Amino acid sequence: MASGGDELNIIFVPYLSPGHMIPMIDVARLFAAHGVIATIITTPSNSLLFQNSIDHDINSGHKISIHQIQFPHAEVGLPVGIENFSTLTSPDMAPKLFYAVSMLQQSIEQVILDRKPDCIVSDMFFPWTLQVARQLGIPRFVFHGSSYFAQCAEHSVEQHKPYLNVESDMETFLLPELPHKIEMMKLQLMDFMTPADEFSKFMNLIKETDKKSYGTITNSFYELEHDYEEYYKRVMGMKSWSMGPVSRVVNRDASKKAQRGNKSAVGEQDCITWLNFKEHNSVLYICFGSLTKLSGAQLLEIAAGLEASGHQFMWVIRKRENDEDPWLPEGFEERMRESKKGFIIKGWAPQLLILDHPAIGGMVTHCGWNSILEGLNAGLPLITWPLFAEQFYNEKLVTKVLRIGVSVGVTEWTTSYDGQKGLVRREEVEKAVALMMGGGREAMEIRKQAKELGAAAKKAVENGGSSEANLIALINELKTVKQGATARDKFNGE
Ligand code: UDP
């Protein structure tokens, strides 16, 4: 029910994929920590992923809760418990999950209409929440879970279509009108940027809906990408509040970091104990996010490259099902265990906890926005290995704008279900690792820059920091809106 008086009642509707869900839960917890009554709508298995964190917050006196809705397993033919894109065990489950997600619309709408919140924060993939917000006469905010830079770069590509002026997929072109000189190849663009397929139409609907919403909440901070935040507002005409890095604010102690997102595949203490014996900045952390499953052949190349580099590592492995290729060199695991050179995690890793350990000195990342922010929070230099979604744009931000990373050299965009096109060879892995973890001049400059950005990230969310100020300003604005809200046409573009 809408809260009376000054209290704000906000409903959060996260998407069923960790890269979107994890940061939105952090956003909800952040609002609750500032006195907002926060309700998160999700399905039973997904709620288990963050119930502990919510219980923690409730015990600290925050008014936050989960509203569960049923998941249509039987109707779509998915096994019980498969309710999230990270839990799919075969590519043919993906369309079923998409269908199931679309079936949730009615239940979610009903919960929102019954509870009559003062505001909705919706994932971008639920454009229909705009209609519910309009029906209730309340503001709707959209959450993308990506960087300003990626959205601006995509806008530049869409508006100017620079890929039409090149003769081959590998020829580079400039992204027009961006604040920095950014060059890309056609191969690195998302497939749906070119043909007008169904997904492209859906993405257009999302963009139209975004523009009609009250604004966006962005997991970024002004000092990180202010040129692009300004471009987003001025050129793209969007209203936005930067609140990040959200992971830092609500997961300060070790238990919160360890519990975030899922149950770890290894004992948290085992990782930490292993790292405790290592020198500062001596271990490379390698992770490709929550969805990517690499082929056996690619894992083999990574293992060989890591071993040849001689550097220490902690590697999170998710292998493709039904891939019979050998995927680690003979005796690799034993050698790494005995020499204490490498720690392998097969499954979910307590990433936040690991990244904040002083022994970690760098990160190989697929350039998911959350992983970049989390690495950056910890002041780490990055080796970029983009695969799908907006990750090739994020790579450019890291390597060309922020200058906190080097590219391993992936050239071709793919989808999260297809894994990776082509192979990154062991020599390329070894070269990037040796550069980043060695003490050369380029590495030292990158490391210094990463440390500075890490310090800026901390400052942004502390008292008086830019992100904290945005959060407080938005809460105050919403209170004023709530008190003065009489006309429905004030919000959401009507
Ligand atoms: N994550 C984690 N442990 C893992 C894999 C991923 O904690 O083993 C978390 C990671 O910290 C991040 C999120 O899952 O918050 C992944 O989001 P990102 O945007 O980096 O990539 P995606 O999974 O969407 O590709």
Side-chain angles (χ1 to χ4, degrees), residues 14-27 29 46 49-50 52-53 84-88 94 123-125 143-147 149-151 190 218-220 244-251 254-268 271 285-294 314-319 343-357 360 363-378 380 382-395 397-398 405 410 413-420:
Y15 197 61
L16 311 192
S17 176
H20 285 235
M21 179 175 283
I22 291 174
M24 194 195 277
I25 302 304
D26 283 346
V27 171
R29 295 173 60 207
N46 282 304
L49 300 176
F50 52 89
N52 281 346
S53 309
N84 187 299
F85 284 91
S86 67
T87 52
L88 303 182
D123 190 273
M124 61 184 270
F125 286 123
F143 182 76
H144 294 102
S146 65
S147 59
F149 178 89
Q151 295 183 70
M190 300 185 219
T218 306
N219 189 12
S220 185
V246 293
S247 64
R248 177 171 282 284
V249 205
V250 287
N251 302 290
S255 72
K256 285 187 181 164
K257 287 180 195 166
Q259 284 170 3
R260 184 171 177 256
N262 207 337
K263 194 169 166 8
S264 173
V266 285
E268 287 110 26
C271 308
Y285 174 75
I286 303 143
C287 183
F288 295 88
S290 63
L291 302 177
T292 303
K293 291 176 179 163
L294 293 175
M314 188 168 264
W315 180 13
V316 187
I317 299 185
R318 275 185 200 80
K319 184 182 159 289
F343 190 104
I344 292 175
I345 302 173
K346 292 179 187 162
W348 192 261
Q351 180 159 305
L352 273 193
L353 191 69
I354 294 169
L355 290 178
D356 279 346
H357 196 285
I360 299 291
M363 176 184 189
V364 177
T365 174
H366 71 310
C367 295
W369 184 234
N370 297 295
S371 294
I372 290 180
L373 276 178
E374 291 159 16
L376 191 145
N377 269 335
L380 295 173
L382 309 173
I383 294 177
T384 56
W385 189 309
L387 297 164
F388 62 94
E390 85 290 15
Q391 294 159 9
F392 281 89
Y393 294 132
N394 287 340
E395 174 180 62
L397 173 68
V398 166
V410 186
W413 189 89
T414 184
T415 67
S416 57
Y417 317 109
D418 292 339
Q420 181 185 321

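In listed order, ligands and their atoms are each counted from 1. Everything numeric here is computed off the predicted structure, so don't read it as measured data. Throughout, residue positions are numbered sequentially from 1 according to the sequence presented.
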Q: Indicate yes or no: does an N/O atom of Ala349 lie under 3.5 Å from an N/O atom of ligand 1?
A: yes
Q) Heavy atom under 4.0 Å from ligand 1: found in Phe85's side chain, backbone, both, or neither? A) neither
**Q.** Atoms in ligand 1 flagged as close to Gly368, the criterion being non-hydrogen separation under 4.0 Å
**A.** 18 (P), 19 (O), 20 (O), 21 (O)
Q) How many angstroms lie between OH in Tyr285 and CE in Met363, if you round to the nearest 0.5 Å? A) 6.0 Å
Q: State the OG1-CD distance between Thr218 and Gln151, to the nearest 0.5 angstrom.
A: 6.5 Å
Q: Using a 4.0 Å heavy-atom threshold (strictly under), name the region of Trp348 that reaches ligand 1: side chain, backbone, both or neither.
A: both
Q) Measuring from the heavy atoms of Arg260, does anything fall under 4.0 Å of ligand 1? A) yes
Q.
Would the distance check show the side chain of Thr87 and the main-chain N or O of Asn84 forming a donor-acceptor pair, the cut-off being under 3.5 Å?
A. yes
Q: Answer yes or no for Ile22: is there a heavy-atom contact with ligand 1 below 4.0 Å?
A: yes
Q: Would you check if the side chain of Trp315 reaches a backbone N or O of Cys287 as a donor-acceptor pair within less than 3.5 Å?
A: no
Q) Should the proximity of Glu374 to ligand 1, defined as any heavy atom under 4.0 Å, be assigned to the side chain, the backbone, both, or neither? A) side chain
Q: Ignoring hydrogens and angles, tell me if any N or O in the side chain of Arg29 forms a donor-acceptor pair with the backbone of Val249 under 3.5 Å.
A: no
**Q.** atom 22 (P) of ligand 1 - nearest protein heavy atom and its distance
**A.** His366 NE2, 3.5 Å
Q. Rounded to the nearest 0.5 Å, how far does CZ of Arg318 lie from CH2 of Trp348?
A. 6.0 Å
**Q.** Under 4.0 Å to a heavy atom of Gly19 - the qualifying atoms of ligand 1, by number
**A.** 17 (O), 24 (O)
Q.
For Gly145, is there any backbone N or O sitting under 3.5 Å from a side-chain donor or acceptor partner on Asn219?
A. no
Q: Quickly, which of Cys367, Ser371, Ser146 forms a side chain to side chain contact (heavy atoms under 4.5 Å, CB included) with Gln391? Name it, please.
A: Cys367
(Q) Show me which atoms of ligand 1 lie under 4.0 Å from any heavy atom of Gly289. (A) 5 (C), 6 (C), 23 (O)
Q.
Counting only heavy atoms closer than 4.0 Å, does ligand 1 sit against the backbone of Lys257, its side chain, both, or neither?
A. neither
(Q) When you measure from the side chain of Arg248 to the backbone of Asn377, do you find a donor-acceptor pair of N or O atoms at a distance under 3.5 Å? (A) yes
Q) Angle class for the Trp385/Phe288 ring planes (parallel below 30°, perpendicular above 60°, tilted otherwise)? A) perpendicular
(Q) If the contact criterion is a heavy-atom separation under 4.0 Å, does Phe388 count as touching ligand 1? (A) yes
Q | Top protein contact for atom 23 (O) of ligand 1, by heavy-atom distance | A | Ser290 OG, 2.4 Å
Q: Under 4.0 Å, heavy atoms only, figure out whether ligand 1 is touched by the backbone of Asn370, its side chain, both or neither.
A: both
Q: Number the atoms of ligand 1 from 1 as they appear, then name those within less than 4.0 Å of a heavy atom of Trp369, with their elements.
A: 19 (O)
Q. Sub-3.5 Å donor-acceptor pair from the side chain of Ser147 to the main-chain atoms of Ala150, do we have one?
A. yes
Q: Around atom 20 (O) of ligand 1, find the nearest protein heavy atom and jot down its residue, atom name and distance.
A: Ser371 OG, 2.5 Å
**Q.** Numbering as shown, the atoms of ligand 1 that approach Val316 to under 4.0 Å (heavy-atom distance)
**A.** 8 (O)
